[in-house]
Amino acid sequence: GMKSVKTLDIPHSPDPLTLFDVNNPRRKVSQKEAAGFKRNLEQATQEYEQLSQRLLQARAQNEKLHRLNDEKDETIKNLRITIEEQDSKITALEAKVVDKKRRKLRTPAEDEIL
């Protein structure tokens, strides 16, 4: 049968867990170096998660601002309509006032013609 050799059992092995550089398989990586890689990876992962969170918040804020902008546009549109309605009412009232003044200025002779 096949003999399974545990690295731990080999007395001359200086390190029970020998690591190699993935990019350069002949280069051994020390435990200290590996620990540094692990720390860097954990830090990068943490930064990535924080940035993802910030991105989600920024997206939510952006959508909220778009919604507010749409509401603002709608309000402006409604105000324009209201202003136009008020303008036409004012124009109609002015016309009535002018008409009344004209009637007052008429001579009795003009009234008979009309």
Side-chain angles (χ1 to χ4, degrees):
M2 271 176 49
K3 267 199 307 182
S4 62
V5 181
K6 285 192 191 135
T7 324
L8 291 168
D9 296 341
I10 303 168
H12 65 260
S13 175
D15 189 345
L17 195 85
T18 308
L19 300 163
F20 293 91
D21 187 339
V22 178
N23 302 311
N24 184 1
R26 274 176 299 217
R27 192 174 89 79
K28 285 187 181 179
V29 176
S30 71
Q31 287 291 331
K32 194 179 172 186
E33 227 182 330
F37 291 155
K38 192 167 185 276
R39 266 199 314 277
N40 289 346
L41 178 65
E42 282 165 0
Q43 196 183 337
T45 304
Q46 205 178 349
E47 283 175 22
Y48 173 78
E49 281 166 6
Q50 286 172 349
L51 286 171
S52 296
Q53 201 57 40
R54 294 222 316 253
L55 181 64
L56 285 175
Q57 288 169 348
R59 280 197 185 129
Q61 212 170 1
N62 197 25
E63 280 175 27
K64 188 179 168 186
L65 287 171
H66 274 298
R67 211 170 43 247
L68 286 170
N69 203 28
D70 290 344
E71 284 172 22
K72 182 205 73 177
D73 288 345
E74 190 64 24
T75 304
I76 288 170
K77 196 179 85 180
N78 291 336
L79 284 170
R80 283 208 183 106
I81 292 167
T82 306
I83 289 167
E84 281 170 20
E85 286 169 354
Q86 295 300 325
D87 270 349
S88 56
K89 280 182 190 172
I90 289 166
T91 306
L93 285 170
E94 282 172 347
K96 274 187 186 173
V97 169
V98 169
D99 197 40
K100 276 187 181 172
K101 277 185 183 168
R102 270 209 203 105
R103 281 201 196 129
K104 278 183 183 170
L105 292 173
R106 277 186 205 137
T107 60
E110 281 178 313
D111 266 343
E112 279 170 33
I113 299 162
L114 292 163

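Reckoned from all heavy atoms, side chains included, excluding hydrogens, waters and symmetry mates.
Salt bridge status for R80 with E84: absent, with no side-chain N to carboxylate O gap under 4.0 Å. Between K77 and E74, at least one side-chain nitrogen of the basic residue sits less than 4.0 Å from a carboxylate oxygen of the acidic one, meeting the salt-bridge criterion.
Counting all heavy atoms, side chain and backbone alike, K28 lies closest to E33 at O-OE1, 4.5 Å.
Between atom CG of residue N69 and atom NE2 of residue H66 there is a gap of 8.0 Å, rounded to the nearest 0.5 Å. Expressed to the nearest 0.5 Å, how far CG of L51 lies from CD of E49 amounts to 10.5 Å. Of the inter-residue distances, the one linking L68 atom CG with D73 atom CG reads 11.0 Å to the nearest 0.5 angstrom. The structure places NZ of K89 at 11.5 Å from CG of D87, a figure rounded to the nearest 0.5 Å. Rounding to the nearest 0.5 Å gives a distance of 5.5 Å between CD of Q46 and CD of Q50. Atom CG in N40 sits 10.0 Å away from atom CD in E47 (nearest 0.5 Å).
More than 12 heavy atoms of other shown residues, nucleotides or ligands fall within 6.0 angstrom of atom CD in E71.
Considering only heavy atoms from C-beta on, K38 comes within 4.5 Å of E42 through its side chain. By the 4.5 Å heavy-atom criterion applied to side chains, K101 and V98 are not counted as neighbours.
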* Taking it one step at a time, do Q86 and I83 satisfy side-chain contact (heavy atoms from CB on, under 4.5 Å)? -> CA-CA 5 Å; Q86 295 300 325; I83 289 167; 5.7 Å; no
